[in-house]
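Structure first, then comments.
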Amino acid sequence: MTVRARWPVLLAAALLLVPTAAWAGSIAVIVNKSSSVEAISLAELRRIYQGQKTRWSDGATIMVVNRSAASAIRAAFYRLVHNADPEQEFYQKGSPIPFKTITQESDIATRRLVSRMPNAIGYVGAEQVDDTVKIVAIDGVRPAPDLQDAGVYPLRW
Amino acid sequence: MWRGLALLAACVLSEAIAAPAALAELPTAEEVAQLKEELRHMQDAMRQMQAELQTLKAQQQTPAARTALPEPVAERGSLTERVETLEESVKASEEGQDSLLKRLDEMVELDVYTASVFSNLTDKDAKFDALHVELLADAHPTDRLRGFTQIRFSRLGTIEAGAKQGDIEVHQAWLEYAINDYFNPRLGVVLVPFGKYNQENFDHVQELTLRPVMALRVVPTTWAEPGFGFTGHAPLGEQLGGIGLKDFLLDYQLFLTTGLSADIRDHRGLRDARAEYETDTNNNKATVGRLGIKPMRDLEVGLSGYLGEYDTLGHHINGFDVDSKLTIGPFDLLGEYALFDLQEGGFRLDNSTSPPSITTAIVPESLRGGYLEAHYRFWFDFLNDTFLGRKFQNPTFTAALRYDQVRIDDDSDAGSGPIVHRGWTFGLNYRPIPTWVLKFEYIVNDEKTEAINTRDVDDRDGFVMSMAAAF
């Protein structure tokens, strides 16, 4: 028991952590693979998540997928994008109803939903992105592993 | 013999190497007991497996058993079927979720917000005021069509003059055809886009209970009128990217509305001049709009204008409003200043008679007023384990301070001078969640010459508490 008995667990954890560590701290903004959107600006992303920009360029209504307010990634996303707390609500002029988004409980659930909804946008940890969704460049920069995006990618936390 | 010795040596060496680690993490008595229990279970399982093995061997020797499908294969088949069934269930569930999301997007969203106030002002009885419940419906039958309704049930009672002193009022009821982000026509009863406060007057959004006097008399909040116009916004910073100010954003609202009437009184300002929804007493439409300028993420400046006539003789009433909000970390600094200038020679109309009658009173020359307000959001971590913090993600206290002033230049009582009102409000509120707020505040009012005879403010000091929520 102890060290010898635990080595397979430690090895498995290390193997899991290697890719995570390589991507650590990058939030990837994802859209459906069928979307024509390749890049947006940080200001545009902010307007989308505040309910000010509600349509893609083809006129389709944007389906905004968010994470629950308790999640660490939402706290980071709100700080980087809105300079706000994760529970911050956003109102459109003249409306007492806060702008509402679809909340998902995990990166995997977010990715699966975005992969199924053609006009959806969401955000996940960059290490969670697979080929079912498409990463959108923010201010012309895409998240990259091994800190290659440090200092240039705006959604690094 | 040698192999046995070698094995023994290897075991001794192995234990010697493992010893430091074992010493470093000696198992506790509980862990030893747990391990023993696990060992006993494993031994039981092994005995059971051996028994099953014996049974299987015995069955293999019978002719019937040799022709039967082996049990493990049957189990594998069953497992595969179960996995396939589960995958189908997950797929069906996801399709159901997608369908539900699409339907929800197209359905009417119903919300409610409510506010109740307790006030204890000097020279006035302390009272509870079940201020209002508002029903909100927001419908998107398709991507391009939107309908929005806000109906206020004031004081939760029967209609005006009823036993509960209540009334029912439509604050917004409009339809919008969404063309794109820049240009969206809207028709119906709209919040008049004049100043920031009128657009954001909702109790659960505001940090203080009582409105600034400016927002009662100069900009008669809640100010809604029937009209037609356009809304939109232009992200200039994104379009002119690379020259700095990436967040530069313009948003606008421009409407043609029924317009203010001539029921303009010295002490109530424009409060009674708000248009009715069916009749237009001066048969003249007003043009009103607001341009919002956001040069950067946390700064907004708004410019509003109003052009219209207040009576049937063509006397003008023109207004201008500037508002601003700056956020720096936990601090907000906001303010608004509004001015209405009335062409001389007009007489006040009394809308309270039917039909409205022209009086001999002269309308004021001008109405102006503004406020400055500061907020500071904070929280004490030691409250996290108390009833104020437990079960909430991000509860917040907000300290608020407001100074407001109004001046009404009235001609109808020449000799007494203009009405000048100044007030200070000191507030503290608690938000367990962003859309639920409990507010406490103390107001100090100072008035020169005539009393501003209003229901809410008067020339009184005192304590006010309220609770407001949207859900």
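Below, chain A is the first sequence line, B the second, and so on; all start at residue 1.
Residue A:Ser57: no heavy atom, backbone or side chain, is found under 4.5 Å from chain B. For B:Glu134, no part lies under 4.5 angstrom from a heavy atom of chain A. Proximity to chain A involves both the backbone and the side chain of B:Asn394, based on heavy atoms less than 4.5 angstrom apart. For a residue to count as touching a neighbouring chain, one of its non-hydrogen atoms must lie under 4.5 Å from one of that chain's; by this rule B:Asp298 touches chain A with the side chain only. In this structure, the portion of B:Glu200 lying under 4.5 Å from any heavy atom of chain A is its side chain and not its backbone. In this structure, the portion of A:Ser41 lying under 4.5 Å from any heavy atom of chain B is its side chain and not its backbone. Heavy atoms of A:Pro96 lying under 4.5 Å from chain B belong to its backbone as well as its side chain.
Rounding to the nearest 0.5 angstrom, the gap separating the OH atom in A:Tyr91 from the CD atom in B:Gln199 is 15.0 Å. A:Leu42 contributes atom CG, which lies 7.5 Å from atom CZ of B:Arg297 (distance to the nearest 0.5 angstrom). Atom OG1 in B:Thr396 sits 6.0 Å away from atom CG in A:Asp85 (nearest 0.5 Å). Note that CD of A:Glu87 is 7.5 Å distant from CD1 of B:Ile433, once rounded to the nearest 0.5 Å.
Minimum interatomic distance between B:Asp181 and A:Thr54 (heavy atoms only, all atoms of both residues): OD1-N, 3.9 Å. Heavy-atom minimum distance, A:Gly94 versus B:Gln172: O-NE2, 2.7 Å.
Contact check on B:Asp138 versus A:Lys100 returns no salt bridge, with no Lys/Arg side-chain nitrogen under 4.0 Å from an Asp/Glu carboxylate oxygen. Comment: A:Arg46 engages B:Asp247 in a salt bridge, judged by a side-chain N to carboxylate O separation of less than 4.0 angstrom.
Per-residue counts of heavy-atom pairs under 4.5 Å with chain B were compared for A:Glu89, A:Arg47, A:Gln88; the largest is that of A:Arg47.
Within a 6.0 Å radius of CZ in B:Phe183, other residues, nucleotides and ligands contribute more than 12 heavy atoms. Other residues, nucleotides and ligands place more than 12 heavy atoms under 6.0 Å from the CZ atom of B:Arg144.
Between B:Pro235 and A:Glu44, the closest side-chain pair of non-hydrogen atoms is not below 4.5 Å. You'll find the side chain of B:His140 stays beyond 4.5 Å of the side chain of A:Thr61, heavy atoms only.
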